[in-house]
2 protein chains.
Amino acid sequence: MDAKLQAAGAKFIQAMSQISSFWGFPKAMGAIYGAVYLSPRPITLDALVELVGVSKGAVSTNVRKLERLQMVHKEVKIGDRKDYYVAETNFWRVVQAILQERQNRQFDQALRAVDESLQMVSAASEDDDLSRFYQQRISRMQSFFSTFDKIVTAIAALDEFRLSTLHKILGRPDT
Amino acid sequence: MDAKLQAAGAKFIQAMSQISSFWGFPKAMGAIYGAVYLSPRPITLDALVELVGVSKGAVSTNVRKLERLQMVHKEVKIGDRKDYYVAETNFWRVVQAILQERQNRQFDQALRAVDESLQMVSAASEDDDLSRFYQQRISRMQSFFSTFDKIVTAIAALDEFRLSTLHKILGRPDT
DNA sequence: TGGTTTGTTTAGTTCGTTCTAAACGTATAT
DNA sequence: ATATACGTTTAGAACGAACTAAACAAACCA
């Protein structure tokens, strides 16, 4: 009986691992989240080592990554030195946190570089064909990213209720 | 004069390189797309080697990746053995192509694994607390991904005009 | 004080990816 | 046929990310 459940859990954890790696996160990180998510009660680091099958060091660092993204939350019990973790179950909040984290790093920096390149074009001799071409292309790229960014941000900011509305607005491909 | 423009181009190409790597593609791939995108006329492989500064082999393979994603298009001129490349400038079409490419691979597979794990739970003894808990959690995860997937797909399918409408519907978070 | 239990940090290893350099294939021209 | 101009493929180097094992630190207990 229990063996079947355990197998199902392992399958799920492995799937989370794949999904994690697909989105550019460490495999172990997804697996750990899966394990926390499937635990009916707050779970310890050592239990995670057991379930996920990676070293304690790896669990430790990955759990901290998950915490930073607010995908898991630490709980402490008085008179107990162990840390207990519970999963964040509001996935849209998770998406939001991940986007924020990413935003403030390389991506924004790259966008600023695009900005800069546009300014550099403007600073160059302004009225030959090539200049105008560069200007047009770069600013098109810029406005695409701007729109993209706004849409993503806006969607991430929606709560679960308004999301279902959005879902309806977009129209179901299956109807 | 021209030196400034060239510097601007280099900056832009480097930014595209960063963005590419951010989204999990090879740096060179983004740089190459940037170079093609900034070229006012169809550009050859050797010119790309010059502009991007990587080996011919790398340009060759990355250009083919870009072609597969329909981010660049090959043009041939009669009586000229060189291949000429032009950039796809409809970015939403690019997004669509990338999503399709990715979809049909690991992600879908992972989702099927989630399905499977749910079925495994159902197949196990059905009426203890833990089973019910697993069932609930896994199906919640499943429906999240289902919604997520539908939203992404729907947005990618929109054309530029309807996108601006969507942009309005979502409302600016700053107002 | 010394020994346990816990989590963190670090040094080093492994692994996959991306690149280079060079060999290769193929078409064209002389 | 030989040489040239092009793109592709391959073998291997270089790199970075993520993990392991083990040392470490800190808190608690005896």
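Lettering of chains follows the sequences in order, A, B, ..., and the numbering in each one begins at 1. Side-chain atoms are counted along with the backbone in the values below, which use heavy atoms only and exclude waters and symmetry mates.
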Asker: Asp46(A) CG to dT6(C) P: how many Å, rounded?
Answerer: 7 Å
Asker: Taking atom C1' of dT9(C) as reference, at what distance in whole Å does atom CG of Leu45(A) sit?
Answerer: 14 Å
Asker: Kindly say if Arg64(A) contacts the phosphate of dG7(C), meaning a side-chain N or O under 4.0 Å from OP1 or OP2.
Answerer: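 Negative; the distance criterion is not met.
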Asker: Compare side-chain N and O positions of Ser60(B) against OP1 and OP2 of dT8(D) and report whether any pair is under 4.0 Å apart.
Answerer: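 The answer is yes; a side-chain N or O of Ser60(B) sits under 4.0 Å from OP1 or OP2.
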Asker: Please list all pairs meeting salt bridge (Lys or Arg N to Asp or Glu O under 4.0 Å) that have one or both residues in residues 10-39 of chain A, counting only residues at least two apart or in different chains.
Answerer: Lys11(A)-Glu116(B)
Asker: If you measure from the Lys or Arg side-chain nitrogens to the Asp or Glu carboxylate oxygens, is any gap between Arg132(A) and Asp129(A) under 4.0 Å?
Answerer: yes
Asker: Take Phe145(B) and Phe91(A) through the ring-ring contact (aromatic ring centres under 6.0 Å, His included) test and state the conclusion after the steps.
Answerer: CA-CA 9 Å; Phe145(B) 277 122; Phe91(A) 303 126; 7.4 Å; no
Asker: Whole angstrom is fine here: how far is it from NZ in Lys77(B) over to P in dG7(D)?
Answerer: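 Lys77(B) atom NZ is separated from dG7(D) atom P by 13 Å.
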Asker: Name the orientation class of the two ring planes belonging to Phe148(B) and Trp92(A) (parallel below 30°, tilted from 30 to 60°, perpendicular beyond 60°).
Answerer: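 The arrangement is tilted - the two ring planes meet at 30° to 60°.
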Asker: Which donor-acceptor pairs under 3.5 Å do side chains of residues 36-49 of chain B form with protein atoms, sequence neighbours excluded?
Answerer:
from	atom 1	to	atom 2	distance (Å)
Tyr37(B)	OH	Arg137(A)	O	2.6
Ser39(B)	OG	Arg41(B)	N	3.3
Ser39(B)	OG	Arg41(B)	O	2.3
Thr44(B)	OG1	Ala47(B)	N	3.2

Asker: Whole Å only: how far is the OH atom of Tyr84(B) from the C1' atom of dA5(D)?
Answerer: 12 Å
Asker: From CG of Leu48(A) over to P of dG7(C), roughly how many Å is that when rounded to an integer?
Answerer: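 It works out to 10 Å between those atoms.
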Asker: Distance check needed: dA27(C) C1' versus Asp83(B) CG, whole Å only.
Answerer: 12 Å
Asker: Calculate the interatomic distance between Leu66(B) atom CG and dG7(D) atom C1'; express it in whole Å.
Answerer: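 So the CG-C1' distance, Leu66(B) to dG7(D), works out to 16 Å.
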Asker: When Leu69(B) is tested against each of Gln96(B), Glu88(B), Met29(B), Gln100(B) for side-chain contact (heavy atoms from CB on, under 4.5 Å), which residue passes?
Answerer: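 That would be Met29(B); it is the only one of Gln96(B), Glu88(B), Met29(B), Gln100(B) passing the side-chain contact (heavy atoms from CB on, under 4.5 Å) with Leu69(B).
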Asker: Rounded to the Å, how far apart are Lys82(A) NZ and dT4(C) P?
Answerer: 17 Å
Asker: Nucleotide by nucleotide, 5' to 3', does protein get under 4.0 Å of the base (B), only the sugar-phosphate (S), or neither (-) in nucleotides 17-29 of chain D, counting heavy atoms?
Answerer: -SSB------BS-
